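Read through the structure below, which is laid out as structure tokens, and then see the notes.
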Number of protein chains: 2
Amino acid sequence: MVFERLADKWTLLIIRVLRQGPCRFNQLRREIEGISQKALSQTLRKLERDGLVSRTAFPTVPVTVEYALTGLGDTLSNRITPLLSWAEDQIQHVLEAQRQYDSRQ
Amino acid sequence: MVFERLADKWTLLIIRVLRQGPCRFNQLRREIEGISQKALSQTLRKLERDGLVSRTAFPTVPVTVEYALTGLGDTLSNRITPLLSWAEDQIQHVLEAQRQYDSRQ
DNA sequence: CTGTATCCTTTTAGATACTG
DNA sequence: CAGTATCTAAAAGGATACAG
């Protein structure tokens, strides 16, 4: 299901980075705190398969690979950005709700 | 992290249902195809802890419990709805991309 | 009706090593 | 640089039983 792809932490974070422009593998790795090489690789492969992200290899030595949002991926990122902004803006409210909930137990 | 809560299939689907109005436990279960009692219960507890969903128990026999979006949850649902709409609208494009990707291997 | 607890199986994630 | 393969440990998920 498509929901399962969207409902993935790394998917959301990768798309957020790619929204700023094309990015190489290890650069993505550095930009996304906590992601492992394996998780990045697997998630990029799925996004590529879904037609949301493009992968371009340049025949340099060593090889250079650039990931970018496709047109479809760009329309998705327009829906994801408000969600991530909401999370950043409201995180304090969520943390406060958690404190209250925990203190009631 | 808040991302992990948002990046959850059941969270998105539960919020979509609650956006239509308050709902009881077993009604949610029926509306959300494939969710187990355990998954529904656990996800509702987390959403309640995060202050996104409220839980109200009515002292009937047997007990009646109503779940609803809080004010905070409502603001979140405003960001989630476009994402779910995107998924519904674009699913054919994604499936076509998958077919092309798979046929290239 | 609305859950929690437990057991058990299946997935997933992390670390490490290795390749073009 | 950009990955894949493998192994293991941890986490998640399903089924069942039971309780207020």
Side-chain angles (χ1 to χ4, degrees), chain A residues 1-15 17-18 21-50 52-70 101-102 104-105, chain B residues 1-15 17-18 21-50 52-70 101-102 104-105:
Chain A
M1 224 226 268
V2 185
F3 285 157
E4 264 112 311
R5 185 69 15 86
L6 304 184
D8 178 80
K9 176 189 167 189
W10 297 130
T11 291
L12 300 181
L13 295 177
I14 288 173
I15 287 178
V17 173
L18 291 182
C23 194
R24 292 166 61 182
F25 187 86
N26 281 321
Q27 185 61 30
L28 277 168
R29 231 184 130 183
R30 282 186 292 270
E31 301 241 12
I32 301 172
E33 195 179 4
I35 196 168
S36 68
Q37 187 174 35
K38 181 179 174 181
L40 177 57
S41 174
Q42 288 178 342
T43 309
L44 284 171
R45 222 55 63 225
K46 289 173 187 167
L47 289 171
E48 190 192 353
R49 178 169 181 264
D50 288 347
L52 299 169
V53 162
S54 65
R55 177 187 186 276
T56 312
F58 299 97
T60 53
V61 180
V63 65
T64 299
V65 178
E66 198 170 86
Y67 291 94
L69 288 180
T70 62
Y101 182 92
D102 293 344
R104 282 199 298 276
Q105 306 315 309
Chain B
M1 225 226 268
V2 184
F3 285 157
E4 265 113 308
R5 186 68 15 86
L6 304 184
D8 178 81
K9 177 188 168 190
W10 299 130
T11 291
L12 300 182
L13 296 177
I14 288 173
I15 288 178
V17 173
L18 291 183
C23 194
R24 291 167 60 183
F25 187 85
N26 280 322
Q27 184 61 30
L28 277 168
R29 234 183 126 181
R30 282 187 292 270
E31 301 242 11
I32 301 172
E33 195 179 4
I35 197 169
S36 68
Q37 187 175 35
K38 182 179 175 180
L40 178 56
S41 174
Q42 287 178 344
T43 309
L44 284 171
R45 222 55 62 224
K46 290 173 187 169
L47 290 171
E48 190 191 353
R49 178 169 182 263
D50 288 347
L52 299 168
V53 162
S54 65
R55 176 187 185 276
T56 312
F58 299 97
T60 53
V61 180
V63 65
T64 300
V65 178
E66 198 170 84
Y67 291 94
L69 289 179
T70 62
Y101 182 93
D102 293 344
R104 282 198 299 273
Q105 306 314 313

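Note that the structure is predicted; figures quoted are calculated from it, not measured. Hydrogens, waters and symmetry mates are skipped; everything else that's a heavy atom, side chains included, is used. First the proteins, then the strands, lettered A, B, ... as listed; each starts at 1.
Between the P atom of dT4(D) and the NZ atom of Lys46(A) lies a distance of 12 Å, rounded to the nearest Å. Taking atom CD of Gln42(B) as the reference point, atom P of dA11(D) lies 14 Å away to the nearest angstrom. Atom CG of Leu44(B) is separated from atom C1' of dG3(C) by 11 Å (rounded to the nearest Å). If you take CD of Gln37(A) and C1' of dT4(D), they are 9 Å apart, rounded to a whole angstrom. Per the geometry, CD belonging to Glu48(B) stands 15 Å off P belonging to dT2(C), to the nearest Å. Between the C1' atom of dG3(C) and the CZ atom of Phe58(B) lies a distance of 17 Å, rounded to the nearest Å. Atom CH2 of Trp10(A) and atom P of dA13(C) are 10 Å apart (whole Å). Taking atom CD on Glu4(A) and atom P on dG13(D), their separation rounds to 10 Å, with Å as the unit.
Proximity note for Val63(B) (side chain, C-beta onward) versus dG3(C), dG20(C), dG20(D): the nearest is dG20(D). Side chain of Asn26(A), nearest nucleotide from dC1(C), dT4(C), dA2(D): dA2(D).
The residue Arg55(A) sits close only to the backbone: its heavy atoms come under 4.0 Å of sugar-phosphate atoms, none of a base. Using a 4.0 Å heavy-atom cutoff across all strands shown, Val65(A) reaches sugar-phosphate atoms only and no base atom. Backbone-only contact: Tyr67(A) has heavy atoms under 4.0 Å from sugar-phosphate atoms and none from a base.
Within the structure, every side-chain polar atom (N or O) of Arg24(B) is placed at least 4.0 Å from both OP1 and OP2 of dC1(C). In this model, the phosphate group of dG13(D) is not approached by any side-chain N or O of Ser36(B) to a distance below 4.0 Å at OP1 or OP2. Applying the 4.0 Å criterion to OP1 and OP2 of dT4(C), one finds that Ser41(B) has a side-chain N or O inside that range. Considering only side-chain N and O atoms, Arg45(A) lies under 4.0 angstrom from the phosphate OP1 or OP2 of dG3(D).
Of the two residues contacting DNA chain C, namely Pro62(A) and Phe25(B), the nearest-nucleotide position lying further toward the 5' end is that of Phe25(B).
Although no hydrogens or angles enter the test, the distance criterion places no donor-acceptor pair under 3.5 Å between the side chain of Thr64(B) and the main chain of Phe58(B). Checked by atom type and distance alone, the side chain of Ser41(A) never pairs as donor or acceptor with a backbone atom of Gln37(A) at under 3.5 Å.
No option in Leu18(B), Thr70(B), Leu47(B), Leu69(B) other than Thr70(B) meets the side chain to side chain contact (heavy atoms under 4.5 Å, CB included) test with Ser54(B).
The local environment of CD in Glu4(B) is crowded, with over 12 non-hydrogen atoms from other residues, nucleotides or ligands closer than 6.0 Å.
Side chains of Gln42(A) and Arg45(A): a donor-acceptor N/O pair is absent below 3.5 angstrom, by distance only.
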